[in-house]
Every structure is written in C-alpha cells, then in structure tokens.
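Notes to accompany the following structure.
Note that ligands are numbered from 1 as they come in the structure, with each ligand's atoms numbered from 1 the same way.
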Amino acid sequence: MKKNPYQGKFIVFEGIDGSGQSTQADKLVDYLSRPEQKFQLGKPGAHLTKEPTNNLIGGLIRGQLTHNWQTKQECLQLLFAADRAHHLEKEIIPLLEKGITVVCDRYFFSTIAYGALEIKDWDWLIEINKHFLSPDLTFLLEVEPKICLERIEKNRFSIELFEKQKILEKVWQNYEKLSKEFKNIYIINGEQSPENVFEQIKKII
Ligand code: TYD
C-alpha cells in the first residue's frame, strides 16, 4: 500500500457491523473540529466520509447488500475496490492535499475481513487494494458479535447480508489476522459507553 505523502492525516475506523465504528468516527470529527484542537493534526477541522460511498458505484454495492441486485463475489469485490479508487481520487486525496484530516468509516480492511468469507484467495483481495493509500491510523473496535447483533436489532429496521452471529465471528477473526499483518492498527474495546470508548481513542490521537 502507498504511504500517505500528503499533509493531512488519514484515519480509518473499522469493526464488525454494530461495533459502533460509525458513532466513533463521528465523535472524532466533532472533536477535531473544535477550535482548540487546531494544534493537533495540522489544520483545524476534519472531514467525515464512509465506504461504501453514496456515489454511483457505492449505490451498486448497496443494491447487492440489500439483495436487490446480484453479482458474483468477484464482481462485488471489484466494485468495492472501484468505489474506493473513485473515493480516493475525488474526495479523500484532494482534502489530504489541502492538509485536512480525513476520517473514514470503513476502508480496505473491510474488503478483506468481509470479502474473505466468500473469496478464499486472501492475497487476491489484498492485491486489488495494494495501490491504494495506507491509513495513518486505523481504529479497530472490538465488540462480541452477540452484543453487536443485539445493538443492530434495537436500532434498525432491516438486517443486511453480513449481520448474523456466525458470520460476524468469522469477520472478526479476519480483522484480527489483518491487525497482525498491517501497521498502525489499534484495537479498541468497544463494549463500553460511547463516551468511554472515545476516551481511549482520544488518548491515541
Ligand atoms: P455499513 O458500514 O454497515 O453501511 P451502513 O451501516 O450505512 O448500511 O457497510 C455495509 C457493509 O459493507 C458492511 O457489512 C461491511 C461491508 N463492506 C464490505 O464487505 N467490503 C468493503 O470493502 C466495505 C467498505 C464494506
């Protein structure tokens, strides 16, 4: 993966569905946008974004995740990679070039951790992502799959493709494997209140 050569920092949140990574990404952007934080990561302010994106390719992906449209797994993984390439080119890199911190809810670790459920060729999943920018920091939220599913059932109307306990257990194993293969990944205990989880993140930041 390509090391970040830009002035802005690129920070990623990962975790299985229901682990709270979106909440924490949101909290970090709020925190970094406070005027008193401007000394921290270069310029003040931070930009929140997510994958799959809400752009054209992200829309195709969501169609598949909600069972409205079907392709083979290889095609889905290539769509995730294409969505990422477009996201980097049009949104992430232009902001990093300006010195703005970009906080992304899910990135290429999601492709490997989820994609490896169906695609047995782990190296291929890494290969199709290998020219992309490496995050400066990745927070991986650790929460028992059972707890994640309880949270999801409370908060959402529909359950997506990956939101089942056995599946989430396998996804977590993949995340753990990745955390040993790649640098700058911090595993955070996500089973506390959102405020306490964020305290751990703040210390690392
Ligand atoms: P999610 O963050 O759950 O979106 P939302 O909560 O807005 O519906 O992401 C959708 C799913 O996509 C999630 O289960 C993880 C999966 N995913 C992959 O399988 N590969 C990827 O590369 C990415 C970014 C996500």
Side-chain angles (χ1 to χ4, degrees), residues 1 10-29 48-88 90-92 102-122 124-135 138-143 145 147-175 177-178 182 185 190 194:
M1 296 205 81
F10 183 33
I11 302 171
V12 168
F13 281 83
E14 291 277 0
I16 59 178
D17 293 82
S19 64
Q21 91 282 349
S22 305
T23 305
Q24 293 301 324
D26 209 28
K27 277 187 170 297
L28 180 61
V29 169
L48 179 63
T49 187
K50 70 169 294 167
E51 291 188 2
T53 67
N54 293 321
N55 296 323
L56 215 56
I57 308 171
L60 289 174
I61 294 170
R62 278 177 204 287
Q64 172 135 351
L65 294 177
T66 49
H67 311 278
N68 289 322
W69 183 71
Q70 286 298 306
T71 65
K72 289 233 164 85
Q73 271 295 323
E74 280 79 6
C75 180
L76 176 64
Q77 298 312 325
L78 291 168
L79 285 174
F80 275 120
D83 188 38
R84 187 160 299 129
H86 182 261
H87 193 198
L88 281 160
K90 299 285 182 209
E91 187 173 345
I92 298 172
V102 176
V103 176
C104 192
D105 174 2
R106 297 195 180 284
Y107 189 56
F108 88 101
F109 286 131
S110 283
T111 290
I112 325 286
Y114 285 84
L117 293 171
E118 299 288 340
I119 304 249
K120 296 305 156 213
D121 188 348
W122 179 275
W124 179 72
L125 290 170
I126 297 207
E127 186 74 22
I128 57 174
N129 283 280
K130 83 170 181 202
H131 293 302
F132 297 148
L133 200 63
S134 182
T138 299
F139 291 109
L140 176 54
L141 296 182
E142 181 172 15
V143 179
I147 297 177
C148 291
L149 287 172
E150 284 164 12
R151 290 179 180 176
I152 292 169
E153 276 159 22
K154 243 197 244 161
N155 296 327
R156 295 199 203 160
F157 295 112
S158 64
I159 301 276
E160 285 182 2
L161 194 60
F162 298 118
E163 298 174 347
K164 308 239 166 64
Q165 187 164 336
K166 281 254 157 0
I167 294 179
L168 292 183
E169 277 162 11
K170 280 203 200 127
V171 176
W172 177 253
Q173 285 165 10
N174 292 336
Y175 269 129
K177 190 168 159 199
L178 283 165
F182 289 86
I185 304 176

Any atoms of ligand 1 less than 4.0 Å from a non-hydrogen atom of Arg62? List them with their elements.
4 (O), 5 (P), 7 (O), 8 (O)
Pair Glu142-Ser19, side-chain donor/acceptor within less than 3.5 Å:
no
Under 4.0 angstrom from ligand 1, any heavy atom of Lys50?
yes
Under 4.0 Å from ligand 1, counting heavy atoms only, is it the side chain of Arg106, its backbone, both or neither?
side chain
Please could you name the atoms of ligand 1 that Pro52 approaches to less than 4.0 Å, counting only its heavy atoms?
9 (O), 24 (C), 25 (C)
Can you sort out the partners of Glu91 under side chain to side chain donor-acceptor pair (under 3.5 Å), two or more places apart, ordered by chain and number?
His47, Thr49
I'd like to know if the side chain of Tyr175 pairs up with that of Glu14 as donor and acceptor (distance under 3.5 Å, no hydrogens or angles considered).
yes
Does the side chain of Ser110 come under 3.5 Å of the side chain of Glu51 through a donor N or O and an acceptor N or O?
no
Would you verify whether the NZ or CZ of Lys177 falls within 45 degrees of the ring axis of Trp172 while also being under 6.0 Å from that six-membered ring's centre?
no
Partners of Asn68 by side chain to side chain donor-acceptor pair (under 3.5 Å), sequence neighbours excluded?
Thr66
Mark up the atoms of ligand 1 that fall under 4.0 Å of a heavy atom belonging to Glu51, in ascending order.
24 (C)
Under 3.5 Å between some N or O of ligand 1 and some N or O of Gln77?
no
Residue Asp17 vicinity, atoms of ligand 1 by number, heavy atom under 4.0 Å:
3 (O), 13 (C), 14 (O)
With a cut-off of 4.0 Å, which atoms of ligand 1 are near a heavy atom of Leu65?
10 (C), 11 (C), 12 (O)
